[in-house]
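Down below is the structure, laid out as structure tokens.
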Amino acid sequence: VLSNHGKLLCVIMKMLKGKRVIVTGASSGIGEQMAYHLARMGSHILITARTEVKLQKVSTQCRELGAASIHYVSGSMENMSPQSCLLGGLDMLILNHVGSTHFGYFKGDIEHPRKLLEINVLSYVAMTVSALPMLKESRGSVVAVSSLAGKVGNPFTVPYSTTKFALDGFFSSLRQMLIVENANVSITLCVLGYINTGKAAMKAVSHVICNKPAPKEECALEIIKSGALRQRELHYPYISVTIPLILRDWVPDFLDALTRNIMDIEKVERT
Ligand SMILES: NC(=O)C1=CN([C@@H]2O[C@H](COP(=O)(O)OP(=O)(O)OC[C@H]3O[C@@H](n4cnc5c(N)ncnc54)[C@H](OP(=O)(O)O)[C@@H]3O)[C@@H](O)[C@H]2O)C=CC1
Ligand SMILES: C[C@H](CCC(=O)NCC(=O)O)[C@H]1CC[C@H]2[C@@H]3C(=O)C[C@@H]4C[C@H](O)CC[C@]4(C)[C@H]3CC[C@]12C
């Protein structure tokens, strides 16, 4: 007898079987896991990233897991032509890639936020604009992967937060524009907390952030589910994302104090 969770998963799998899905930033981390979930669901998948050898390995694994088809486009999103990814129709666009950033105080290097805006924001806008005609035809979905850092300021992720806040501005406004246009395309903004991707960069911050990171596999599945169910936002992990959002709006001074407690600031200053 299936649990309600199991029944929902079956429904999601049927919704995505045979669907055409693009996942950006899928050579590692959360994006890689999303590709594997979609493969198990029997989707037609296109994945992007810069590192071709990693994309080839993920593609092989997706084929073995049951993808209806799998293709990849390698290259940096700073200068990727969206058209190279958009062939033959689209049902879901999952924008997930992210540029490297430093976890620490912002010291005024303006070139870093400039580059990060290109990678984390303007390429999301360009991909969305190019995909919209196909998504309007298929009544599809756009899923933008963001962060708690894109809803609540953080002292150690200033450039990164700048880009994630921008995603909220663009996709929340685009959602309203599509509603006014009666265009049946859903926009899902995924607000994520700390996720365990096992990368060196994540380990570099683990000694500073007090809470335990959530599993990338579950995170990836929740992102896919939120897009398939056409949710406006996903908050994952639910508690560690929703509580700071409530505090931000109702008790901002307490949130400031909390930030001091959930991050070992002295340790950051030494990184
Ligand atoms: N991990 C976490 O704790 C959290 C993550 N998130 C968000 O989740 C998403 C995925 O993060 P995560 O899995 O941790 O990241 P990873 O660093 O593990 O993966 C990032 C992906 O983006 C690709 N990428 C990086 N730079 C570029 C570029 N210039 N052009 C094209 N592709 C690029 C990488 O591949 P390649 O290097 O081969 O190009 C890789 O596939 C991001 O949007 C991130 O902001 C949000 C909150 C918390
Ligand atoms: C420091 C991480 C980025 C490392 C990086 O550049 N990786 C790419 C590479 O190495 O090539 C940050 C990536 C995600 C951040 C976390 C996040 O977004 C959720 C929380 C937001 C909150 O405001 C601060 C704590 C976070 C856990 C935040 C910490 C920094 C990242 C792990």
Side-chain angles (χ1 to χ4, degrees), residues 22-35 47-58 72-80 82 84-85 94-104 112 115-124 126-127 143-167 189-217 219-220 222-223 234-237 240-241 243-245 247-248 255 258-259 262-265 268 271:
I22 290 176
V23 185
T24 69
S27 66
S28 63
I30 300 165
E32 177 186 2
Q33 297 307 316
M34 283 196 273
I47 55 177
T48 75
R50 294 168 302 176
T51 315
E52 185 163 11
V53 67
K54 289 182 184 178
L55 288 171
Q56 288 169 340
K57 286 180 182 169
V58 173
Y72 69 80
V73 175
S74 62
S76 175
M77 276 296 176
E78 291 167 277
N79 43 45
M80 168 96 63
S84 61
C85 305
I94 304 179
L95 297 162
N96 168 76
H97 61 279
V98 67
S100 299
T101 193
H102 169 65
F103 186 76
H112 181 52
K115 178 173 181 176
L116 222 45
L117 281 164
E118 284 287 346
I119 300 167
N120 295 3
V121 182
L122 294 180
S123 68
Y124 280 45
M127 286 288 284
V143 178
V145 181
S146 187
S147 161
L148 179 60
K151 291 278 192 178
V152 177
N154 183 279
F156 306 120
T157 58
V158 174
Y160 171 77
S161 286
T162 303
T163 68
K164 293 302 189 179
F165 268 85
L167 291 184
L189 186 73
C190 300
V191 184
L192 305 183
Y194 191 22
I195 309 299
N196 184 3
T197 60
K199 284 195 78 172
M202 307 308 294
K203 290 183 181 133
V205 300
S206 58
H207 67 296
V208 169
I209 300 162
C210 303
N211 50 347
K212 188 169 175 287
K216 61 185 176 181
E217 298 82 358
C219 176
E222 290 305 311
I223 292 171
L234 166 70
H235 295 172
Y236 178 88
S240 60
V241 168
I243 288 176
L245 292 184
L247 293 174
R248 173 198 66 176
L255 177 64
L258 186 66
T259 299
I262 62 173
M263 292 193 176
D264 188 330
I265 289 174
V268 178
T271 55

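Just follow the structure's listing: the first ligand is 1, and inside any ligand the first atom is 1. Counting from 1, the numbers follow the sequence of the chain as shown. Computed from a predicted structure; not experimentally measured. Heavy atoms only: backbone and side chains are in, while hydrogens, waters and symmetry mates are out.
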Just going by heavy-atom distances, which of [options] is nearest to [atom]?
{"atom": "atom 24 (N) of ligand 1", "options": "L55, V98, V73, T48", "answer": "V98"}
{"atom": "atom 10 (C) of ligand 1", "options": "L167, T197, N96", "answer": "N96"}
{"atom": "atom 31 (C) of ligand 1", "options": "M77, E78, K199", "answer": "M77"}
{"atom": "atom 38 (O) of ligand 1", "options": "N196, T24, T51, I47", "answer": "T51"}

Can you tell me the protein heavy atom closest to [atom] and the distance?
{"atom": "atom 3 (O) of ligand 1", "value": "I195 N, 2.9 Å"}
{"atom": "atom 7 (C) of ligand 1", "value": "V145 CG1, 3.8 Å"}
{"atom": "atom 6 (N) of ligand 1", "value": "Y160 OH, 3.7 Å"}
{"atom": "atom 35 (O) of ligand 1", "value": "S27 OG, 2.8 Å"}
{"atom": "atom 22 (O) of ligand 1", "value": "G25 CA, 3.4 Å"}

Counting only heavy atoms closer than 4.0 Å, does ligand 2 sit against the backbone of [X], its side chain, both, or neither?
{"X": "K199", "answer": "side chain"}
{"X": "N154", "answer": "side chain"}
{"X": "S100", "answer": "both"}
{"X": "F156", "answer": "neither"}

Atoms of ligand 2 close to [X] [distance to a heavy atom under 4.0 angstrom, numbered from 1]:
{"X": "A149", "result": "21 (C), 23 (O)"}
{"X": "I209", "result": "27 (C), 29 (C)"}
{"X": "G193", "result": "19 (C)"}
{"X": "Y194", "result": "27 (C)"}
{"X": "S147", "result": "17 (C), 18 (O), 19 (C), 21 (C)"}

Table please: side-chain donor-acceptor pairs of residues 144-153 below 3.5 Å, with sequence neighbours left out.
unit_1	atom_1	unit_2	atom_2	d
S147	OG	A149	N	2.7
K151	NZ	D168	OD2	2.9
K151	NZ	E233	OE2	2.5

Looking at ligand 1, is there an atom of it that comes within less than 4.0 Å of some heavy atom belonging to [X]?
{"X": "G193", "value": "yes"}
{"X": "G75", "value": "yes"}
{"X": "A149", "value": "no"}
{"X": "K164", "value": "yes"}

- Message: Using the side-chain hydrogen bond (donor to acceptor under 3.5 Å, both in side chains) criterion, which residues pair with T24? Sequence neighbours excluded.
- Response: H97
- Task: Can you confirm whether something in the protein, heavy atoms only, sits under 4.0 Å from atom 31 (C) of ligand 2?
- Result: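 No, there is none.
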- Beyond-backbone contact of V241 with Y236, side-chain heavy atoms, under 4.5 angstrom: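 The answer is no, as the side chains (C-beta and beyond) never meet within the 4.5 Å cut-off.
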